[in-house]
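The structure appears below as structure tokens.
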Amino acid sequence: MTHVLDDAIDGGLRGAHESLSLRSPSGAAVRYRPEIAPFASVGLEPSADAWAALRALVPDGTVALFPFPGFRTPPGGRVGGVGLAQLTDDEVDLEALPPAGRSRALSRDDVPEMLRLTAATKPGPFEVDTIEFGGYRGIFDGDELVAMAGRRMNPPGWTEISAVCTDPRYRGRGYARELVLDVLRGIRADGARGFLHVAHGNPARAVYESLGFVARRDFEVAVVRPAEPAEPDGSRPV
């Protein structure tokens with residue numbers, strides 16, 4: 001049996017994030033609008049028709065998928081990937097961890113600072129309209145955004161905490177810990193559970209586990225170019 005978090009991308013795009021999505025006519029493939037996020041889904045056991053549908057949504061460029069064990073891409077389709085651990089908020093006790101009060105909600109007016117910070121810290125994909133996911137909070141030093149976190153994937157009953165990042169000059173002050181908890185408070189207030197992803201080897205995992213996040217399973221995020229590979233002369237096969 002599968003869990004809704006096994007394909008969190010699909011669960012959000014076909015539910016709460018439908019307004020942020022592009023979908024093939026058949027419904028076999030779905031993706032976020034590229035100005036929001038690079039994630040797409042063709043289901044856990046994609047057919048040839050699903051890949052064809054994704055190619056129509058991504059005629060050039062790449063998207064990121066969450067493969068399931070045994071998942072296979074078309075020949076030449078996979079161009080990269082990274083291993084992730086998925087953690088859920090099973091043991092996070094927010095009542096025992098009172099808010100520090102240093103963060104505030106971020107708005108579209110803050111996007112230039114958010115783009116600057118994510119470009120410098122590279123917490124994962126962050127585009128000009130990624131703020132549409134909502135729930136972003138940040139800590140400032142004067143007018144400069146120095147740490148932030150927010151929401152991303154939104155499968156039924158769950159909301160992902162994402163874009164957790166701190167300017168290197170401000171690390172060691174507990175900002176990431178504080179922001180993750182502040183974002184989770186908003187998620188819980190909306191009646192959902194929180195989860196997050198952390199790259200294998202990232203020391204931030206110890207911080208999340210110290211808060212009560214529990215490892216659920218490992219993933220590989222696959223970066224895929226779904227377009228048909230070009231022929232040697234640069235043309236596409238027909």
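Positions are given from 1 along the sequence.
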**Request:** Please assess Asp190 against Arg151 for the test salt bridge (Lys or Arg N to Asp or Glu O under 4.0 Å), listing each intermediate value before the final yes or no.
**Result:** CA-CA 12 Å; Asp190 289 343; Arg151 305 185 189 190; 2.9 Å; yes
**Asked** Can Glu132 and Arg108 be said to form a salt bridge (Lys or Arg N to Asp or Glu O under 4.0 Å), step by step?
**Response** CA-CA 9 Å; Glu132 293 296 321; Arg108 186 162 285 280; 2.5 Å; yes
**Request:** Tell me, with the steps shown, if Arg102 and Tyr175 meet side chain to side chain contact (heavy atoms under 4.5 Å, CB included).
**Result:** CA-CA 9 Å; Arg102 292 183 291 192; Tyr175 288 172; 3.4 Å; yes
**Asked** Phe126 and Phe133: ring-ring contact (aromatic ring centres under 6.0 Å, His included), yes or no, with the steps?
**Response** CA-CA 11 Å; Phe126 198 91; Phe133 287 132; 8.8 Å; no
**Trace of the side chain to side chain contact (heavy atoms under 4.5 Å, CB included) decision for His200 with Asp218** = CA-CA 9 Å; His200 292 165; Asp218 289 333; 3.4 Å; yes
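No side-chain heavy atom of Glu220 sits under 4.5 Å from any side-chain heavy atom of Phe66. Contact annotation: the side chain of Val92 approaches that of Leu181 to within less than 4.5 Å [non-hydrogen atoms, C-beta and beyond]. Between Ile139 and Tyr170 the shortest side-chain heavy-atom distance does not fall below 4.5 Å. For the pair Glu127 and Pro34, the minimum side-chain heavy-atom distance is 4.5 Å or more. Between Arg216 and His3, some side-chain heavy-atom pair lies under the 4.5 Å cut-off. Taking the side chain as every heavy atom from C-beta outward, Arg169 and Asp167 approach each other to under 4.5 Å. Contact of the Arg188 side chain with the Leu94 side chain is registered, since non-hydrogen atoms from C-beta on lie closer than 4.5 Å. The shortest distance between side-chain heavy atoms of Ser26 and Asp49 does not fall below 4.5 Å.
Taking every heavy atom of both residues into account, Ala215 and Arg205 meet most closely at CB-NH2, 3.3 Å. Residues Leu57 and Arg31 share a closest heavy-atom pair of O-NH1, 3.7 Å. Closest non-hydrogen pair, Val183 versus Gly150, comes out as CG1-O, 3.8 Å. Closest of all the heavy-atom pairs between Ala176 and Val164 is CB-CG1, 3.9 Å. Between Gly194 and Phe213 the shortest heavy-atom distance is O-CE2, 4.3 Å. Between Leu196 and Ile161, the shortest heavy-atom contact is CB-O, 3.5 Å.
A side-chain donor-acceptor contact under 3.5 Å links Asp90 and Thr88. Ser210 and Arg177 form a side-chain donor-acceptor contact under 3.5 Å, judged by distance and modelled atom types alone.
We find that Arg14 and Glu18 are not joined by a salt bridge, their nearest charged nitrogen and carboxylate oxygen being 4.0 Å or further apart.
When hydrophobic clusters are built by joining Ile, Leu, Val, Met, Phe, Trp and Tyr residues whose side-chain heavy atoms come closer than 4.5 Å, directly or via intermediates, Val214 is not grouped with Phe195. Residue Leu87 is not grouped with residue Leu84 when hydrophobic side chains (ILVMFWY) are merged at heavy-atom distances under 4.5 angstrom, including chains of intermediate members. The same ILVMFWY cluster, assembled from side-chain heavy atoms under 4.5 Å apart, contains both Tyr32 and Val111. There is a path of hydrophobic side-chain contacts, each under 4.5 Å, that joins Val198 to Leu184. Cluster membership check: Tyr136 does not share its hydrophobic cluster with Ile187, using side-chain heavy-atom separations under 4.5 Å among Ile, Leu, Val, Met, Phe, Trp and Tyr.
Atom-to-atom distance recorded for Asp89:CG and Leu211:CG is 11.0 Å, nearest 0.5 angstrom. How far CG of Leu13 is from OG of Ser21: 5.5 Å, rounded to the nearest 0.5 Å. Between Ser19 atom OG and Ile36 atom CD1 the span is 7.5 Å, to the nearest 0.5 Å. Thr159 contributes atom OG1, which lies 4.0 Å from atom CG of Asn154 (distance to the nearest 0.5 angstrom). Considering CG of Leu106 and CZ of Arg104, their distance stands at 5.5 Å, rounded to 0.5 Å. From Asp10, atom CG reaches atom NE2 of His17 across 13.0 Å, with rounding to the nearest 0.5 Å.
Side-chain N or O atoms of His197 include none that pairs as donor or acceptor with a backbone N or O of Gln86 at under 3.5 Å. One N or O on the side chain of Ser24 and one on the backbone of Ala28 form a donor-acceptor pair closer than 3.5 Å.
Exactly one residue among Thr118, Asp110, Leu115, Leu117 makes a side chain to side chain contact (heavy atoms under 4.5 Å, CB included) with Leu145. That residue is Leu117.
A cation-pi arrangement is present between Arg217 and Phe219 under the rule of less than 6.0 angstrom and at most 45 degrees off the ring axis.
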